[in-house]
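One-based numbering, in listed order, for ligands and for the atoms of each.
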Amino acid sequence: MNREELVAVARDAAKNAYSPYSRFRVGAVVVAEDGRVYTGANIENAAFPSSNCGEATAIHTAAADGVRKIDTLAVACIDATDVRGAYPCGRCRQIMAEFRVDDVIVAGGEGSEIREHTLDELLPHRFTFRSDAH
Ligand code: THU
């Protein structure tokens with residue numbers, strides 16, 4: 001899938017968001033190194049810190065299916081009118097690091113700019129037990 005297709009899948013996944021508190025819908029899609037694809041959305045909780053981000057849902061769904069290396073993640077916040085309001089939070093960047101995401105595609109709602117970054121750009125000098133990671 002090219003980046004436009006990945007963003008379309010992430011935007012579609014965002015429609016399953018459970019976000020009655022923020023009303024901010026986030027969808028994500030990950031592509032594992034073997035080509036398998038998983039999606040996720042943010043799932044909120046009345047006890048706010050118990051909420052889950054869309055990227056974390058997608059990554060952990062993949063991990064629960066046995067995935068250990070993810071090549072690409074696309075995230076789309078369909079209620080963000082500008083891509084600058086759609087960047088992954090710090091916790092999600094660290095979760096991406098655990099499963100060695102290389103490339104991160106970021107998009108807002110329909111028609112917004114699409115940006116692409118390496119995880120190295122988004123989370124340089126990150127914590128890891130792997131001495132060969134970066
Ligand atoms: N959210 C995500 O799903 N991903 C992020 O990287 C940042 C924020 C969600 C969490 C919450 O449900 C809503 O967006 C507002 O913070």
[atom] - nearest protein heavy atom and its distance:
{"atom": "atom 9 (C) of ligand 1", "answer": "Asn42 ND2, 3.6 Å"}
{"atom": "atom 1 (N) of ligand 1", "answer": "Cys53 SG, 3.6 Å"}
{"atom": "atom 14 (O) of ligand 1", "answer": "Phe24 CD2, 3.5 Å"}

Check this for me - ligand 1, Asn52, N or O atoms closer than 3.5 angstrom, yes or no?
no
Could you list the atoms of ligand 1 found under 4.0 angstrom from a heavy atom of [X]?
{"X": "Glu55", "answer": "2 (C), 3 (O), 4 (N), 5 (C), 6 (O)"}
{"X": "Gly54", "answer": "2 (C), 3 (O)"}
{"X": "Pro88", "answer": "6 (O)"}

If the threshold is 4.0 Å, N to carboxylate O, is there a salt bridge linking Lys69 and Asp102?
yes
Main chain of [Y], side chain of [X]: is a donor-acceptor contact present, judged purely on distance under 3.5 Å?
{"X": "Arg25", "Y": "Asn16", "value": "no"}
{"X": "Glu55", "Y": "Cys92", "value": "no"}
{"X": "Ser51", "Y": "Asn45", "value": "yes"}
{"X": "Thr57", "Y": "Ala41", "value": "yes"}

Using heavy-atom distances, let me know which of Arg93, Arg91, Glu44 sits nearest atom 11 (C) of ligand 1.
Glu44
Side chain, backbone, both or neither: which part of Ser22 comes within less than 4.0 Å of ligand 1 when only heavy atoms are counted?
side chain
Any protein heavy atom sitting closer than 4.0 Å to atom 6 (O) of ligand 1?
yes
Please work out whether the ring planes of Phe99 and His60 are parallel, tilted or perpendicular, with thresholds of 30° and 60°.
perpendicular
Do you reckon Val31 sits in the same ILVMFWY cluster as Ile114, going by side-chain contacts under 4.5 Å, direct or chained?
yes
